[in-house]
Visitor: 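Dropping a structure here in structure tokens format, bear with me for questions.
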There are 2 protein chains.
Amino acid sequence: MKDSRKRATIIDVATAANVSTKTVSRVFNDEPHVRKILRDKVLKAAAELDYHPNIMARGLVGRRSYLLGLIYENPSPNYVVELQNGALDRLHGEKYRLLVLPVESVVEVAGKIMSVLRAAALDGVILSPPASDHPGILSELRQNDFPFSRIAPTQSLDIGPSRTTDDVDASRKMTEYLLSLGHTRIGVIKGDPTHPSSGARLTGFLDALKAAGVSHSPDLVEQGFYTYESGLAAARKLLDRPDRPTAIFAQNDDMAAAAIMAARDLGLKVPDDLSISGFDDSAIAQIVWPRITTVHQPVYDMARDATDALIAKLENKPFTMLETQPCELIIRESTAAPAVL
Amino acid sequence: MKDSRKRATIIDVATAANVSTKTVSRVFNDEPHVRKILRDKVLKAAAELDYHPNIMARGLVGRRSYLLGLIYENPSPNYVVELQNGALDRLHGEKYRLLVLPVESVVEVAGKIMSVLRAAALDGVILSPPASDHPGILSELRQNDFPFSRIAPTQSLDIGPSRTTDDVDASRKMTEYLLSLGHTRIGVIKGDPTHPSSGARLTGFLDALKAAGVSHSPDLVEQGFYTYESGLAAARKLLDRPDRPTAIFAQNDDMAAAAIMAARDLGLKVPDDLSISGFDDSAIAQIVWPRITTVHQPVYDMARDATDALIAKLENKPFTMLETQPCELIIRESTAAPAVL
DNA sequence: CTCTCTTTGATCGTTGGCGTCAGGGCGCAA
DNA sequence: TTGCGCCCTGACGCCAACGATCAAAGAGAG
């Protein structure tokens, strides 16, 4: 037994198996031109020596780190964890590993994204909103020929592989549902303005109103930032209005949950006195009471698929540039017909 | 201008600055014996060439990857994100990077932890519960002299740096508070039995009852797994009993939130008909209604400090082996005196 | 001739060990 | 006091080494 402190090298394995290092290399890289007998001998020797290829050395000569980055802002823990899990599950069994790169704000990294990526020696990067739509970041990546894939982009869908949903359509459907219940005075709590999803969701909302011939006052749109706290403040403003809306369409579930809390503070019953709908179908939507009517966003699936596309790109395999996932309206207890007509 | 696809090497910088590569290396590693004039010249050349040291090459010769791993199970997104943020914030500005290593269950990796760590070429690893208390994992790490630090361990506090809170004490305080309200029939929803925190929290609970001379039936202890779903099932069992408890002490906030939902399904009012308390003070505790009385766990702080200790260890700087953080009872709206005596 | 290997030597980018060189301080003899 | 040799130290440069891959050339077996 060797000193366990010292790791076995490819030379040790080659010696033990009585083959050349080249052969060992071939075995570990699944290359052809190795008989099964030899392959087994090598694997046996490697197992006995507890040999693992040195990623550093391999990376140095092959110019690959097998490290992928995931860039995200941190709106809600549920979202982040789903994002990570989607990526991690796809990476399971692969030799790639995931480095998490949370950023305070996309603006923060806009100019120095390449420095960050190079300093971390990443092979590729997965961009989540709003980085996935940031023109500066995208152009910098393209200029440097840096492999990336995008989660839920809304613009320039042709410049790289991506997985997305149609926020406008989903938002339109949700609005149609609220209209069908009889709501016409609908408050909106917008998400972070630096996230294009926020604009898209508003567009869908306005489209539906227009199609239904319902007029809408811009005063009923309040700015939030996809966080619980921002949702609380925005909901309070909406509910303090003399012409209080009969329904609030929050652009994500965290803000919808905050709206429920704000309504409770005012003694309003949800959904009897006020309907509230969210977006994303994150875990929180089923934990609060009433459970939130929302739109299911396949965050996990999008993250997994974006990772898949990135790996395909890195390995020069074919991949689809853009895939739009369906989204689904999920009706729960937070919405109902308005009590007063 | 060089082709931007090709990264500048230390040789390019040395050539541009008209010094030796060794000098450039010294500058980038903050070593002495370089005059300021030369240092500035090197930095200027490096900036112009957009040079970043190649981590792979550096790691190869120095046997360091500057990669730290964070091992965790995935009980609740809030917990995971706090954990990650604590570690990441400490790493900010350092050359170390964080690799996330979620595991299905600690048992899954118990035997092959070294393989995982070596395959990922990690410099060190941060263990969160329950890995931080797993005897198999700990002994394997020690046998291999692999640097690690632990978050919230409960056993063998002398074998490595760690940051923890006193779960027994915190649980005792919470129980004393429930007793002081007048509750004597208190149901418990336990956490995952593979997490030592679960046992510790039960111990504190039983200690307090014993000290107060209150007898307790083991039937009032239900098994959960720190997840919302498990809490829902456990709470239902407790509430279906003929001698329904007047209070439920859930061992984390997710399960406490589930208990609130279960109570609502039965038409019970919280806290009027049933008091519910949680543990951890995670985000969810303030999002549900009533907001949950809980014990604040400084997860973020513990993660940051454990990261700090690990870095200190890796760089042979002094560090404290064990530090116990205070914990704080946080009283909110989910607890009150029992209505019926 | 093809398939399955081995051998040799170069290569990736960086760092550690060691050598070199210049200059300063110091002791000591004249 | 001056001049000389010596040691020490700071400021570098040169070269091998880290571990794996890869290209090229060759060899034995079928």
Side-chain angles (χ1 to χ4, degrees), chain A residues 2 5-43 45-46 49-67 95 118-123 315, chain B residues 2-3 5-43 45-46 49-67 95 118-123 315-316:
Chain A
K2 276 263 195 154
R5 236 120 313 202
K6 196 159 185 171
R7 292 185 53 171
T9 73
I10 199 169
I11 300 179
D12 301 329
V13 177
T15 309
N18 197 28
V19 297
S20 70
T21 60
K22 178 74 189 180
T23 302
V24 178
S25 175
R26 280 203 261 254
V27 170
F28 274 89
N29 290 289
D30 281 323
E31 285 172 26
H33 308 313
V34 184
R35 275 175 304 162
K36 186 161 188 326
I37 297 178
L38 265 198
R39 179 180 302 270
D40 290 346
K41 206 158 71 169
V42 167
L43 289 176
L49 294 169
D50 190 32
Y51 166 77
H52 294 274
N54 183 316
I55 298 192
M56 299 282 166
R58 178 186 275 178
L60 181 58
V61 56
R63 282 144 242 275
R64 300 147 130 286
S65 61
Y66 298 101
L67 231 44
K95 49 183 175 261
R118 286 221 262 254
L122 298 177
D123 279 356
E315 302 188 339
Chain B
K2 277 262 194 158
D3 180 2
R5 236 119 313 203
K6 195 158 187 173
R7 292 185 52 170
T9 74
I10 199 170
I11 299 180
D12 301 329
V13 178
T15 309
N18 198 27
V19 297
S20 71
T21 60
K22 180 74 190 183
T23 303
V24 178
S25 173
R26 281 199 261 254
V27 169
F28 273 89
N29 290 290
D30 279 324
E31 286 171 26
H33 308 314
V34 183
R35 275 176 304 161
K36 188 161 187 326
I37 296 178
L38 268 198
R39 181 180 301 272
D40 290 346
K41 206 158 69 168
V42 167
L43 289 176
L49 293 169
D50 190 31
Y51 167 77
H52 294 272
N54 183 316
I55 298 194
M56 298 281 166
R58 179 185 273 178
L60 181 59
V61 57
R63 280 145 245 275
R64 300 147 130 285
S65 60
Y66 297 101
L67 274 179
K95 49 182 174 260
R118 287 222 262 256
L122 299 177
D123 278 357
E315 301 187 340
N316 292 313

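The sequence lines fix the lettering, A, B, ..., with proteins before strands; numbering per chain opens at 1.
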Visitor: Which part of the nucleic acid, if any, lies within reach of B:Val34 when heavy atoms closer than 4.0 Å are counted: base, sugar-phosphate only, or nothing?
Guide: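 The answer is sugar-phosphate, as B:Val34 gets under 4.0 Å only of primed atoms, P, OP1 or OP2.
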Visitor: Please indicate whether B:Asn18 has more than 12 foreign heavy atoms, meaning atoms of other residues, nucleotides or ligands, lying under 6.0 Å from its CG.
Guide: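 Not buried by this count: 12 neighbours or fewer within 6.0 Å.
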Visitor: If you pin B:Pro32 and B:Gly62 to their nearest nucleotides in DNA chain D, which one's is more 5'?
Guide: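 Its nucleotide being nearer the 5' end, the pick is B:Pro32.
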Visitor: Please examine the side chains of B:Asn54 and B:Thr9, heavy atoms only from C-beta on, and report whether any two atoms are closer than 4.5 Å.
Guide: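 No; the side chains remain at least 4.5 Å from each other.
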Visitor: Counting side-chain heavy atoms from C-beta on, which of D:dA11, D:dG19, C:dT14 comes nearest to A:Thr9?
Guide: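 From the listed options, D:dG19 comes nearest.
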Visitor: If you compare all heavy atoms of A:Ala14 against all heavy atoms of A:Ser20, which two are closest, and at what distance to 0.1 Å?
Guide: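 Here A:Ala14 and A:Ser20 meet closest at CB-C, 3.8 Å.
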Visitor: Any side-chain N or O of B:Thr23 under 4.0 Å from OP1/OP2 of D:dG13?
Guide: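 Yes.
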Visitor: Tell me: CZ of A:Arg26 to P of D:dA23, nearest whole Å?
Guide: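 Atom-to-atom, A:Arg26 to D:dA23, this comes out as 11 Å.
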Visitor: Whole angstroms only, please: what is the CG-C1' distance between A:Asn54 and C:dC12?
Guide: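 The distance from CG of A:Asn54 to C1' of C:dC12 comes to 13 Å, rounded to the nearest Å.
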Visitor: Rounded to the nearest angstrom, tell me the gap between atom NZ in B:Lys22 and atom P in C:dG17.
Guide: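 Answer to the nearest Å: 8 Å.
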Visitor: Between C1' on D:dA20 and CZ on A:Arg63, what's the gap in Å once rounded to a whole number?
Guide: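 Taking atom C1' of D:dA20 as the reference, CZ of A:Arg63 is at 13 Å.
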Visitor: Taking the side chain of B:Tyr51 as heavy atoms from C-beta outward, which of D:dC12, D:dG19, C:dT14 is closest to it?
Guide: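 Shortest atom-to-atom distance from the side chain points to C:dT14.
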Visitor: OP1, OP2 of D:dC12 versus side-chain N and O of B:Arg35: anything below 4.0 Å?
Guide: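 Checking D:dC12 against B:Arg35, a side-chain N or O does come within under 4.0 Å of OP1 or OP2.
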Visitor: Indicate yes or no for a side-chain donor-acceptor contact from A:Asn29 to the backbone of A:Glu31 under 3.5 Å, with no hydrogens or angles considered.
Guide: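 Looks like no, no N/O pair under 3.5 Å.
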Visitor: Toward the 5' end of DNA chain C, which comes first, B:Ser25 or A:Ser20, by nearest nucleotide?
Guide: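 In this pair, the answer is A:Ser20.
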Visitor: Counting side-chain heavy atoms from C-beta on, which of C:dT15, D:dT21, D:dA20 comes nearest to B:Ile10?
Guide: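 Side chain of B:Ile10 sits closest to C:dT15.
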Visitor: Is a donor on one side and an acceptor on the other found under 3.5 Å between the side chain of B:Thr15 and the backbone of B:Ile11?
Guide: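 Checked: pair present.
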Visitor: In whole angstroms, how far is the P atom of C:dT14 from the OH atom of B:Tyr66?
Guide: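 Taking atom P of C:dT14 as the reference, OH of B:Tyr66 is at 13 Å.
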Visitor: Once you round it to whole Å, what is the distance between P of D:dA20 and NE2 of A:His52?
Guide: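 That distance rounds to 12 Å.
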Visitor: Between B:His33 and B:Leu60, which is nearer to the 5' end of DNA chain D once each is assigned its nearest nucleotide?
Guide: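 Whichever sits nearer the 5' end wins; that is B:His33.
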Visitor: Taking the side chain of B:Pro53 as heavy atoms from C-beta outward, which of D:dT21, C:dT14, D:dG19 is closest to it?
Guide: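 Selected nucleotide: C:dT14.
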Visitor: D:dA11 C1' sits how many Å from B:Glu31 CD, rounded?
Guide: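 Taking CD of B:Glu31 and C1' of D:dA11, I get 13 Å after rounding.
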Visitor: Without decimals, in angstroms, what is the distance between B:Phe28 CZ and C:dG16 P?
Guide: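 The answer, rounded to whole Å, is 15 Å.
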Visitor: So what does A:Val19 hit on the nucleic acid, given a heavy-atom distance under 4.0 Å: a base, only sugar-phosphate, or nothing?
Guide: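 Here A:Val19 touches the backbone only, sparing every base.
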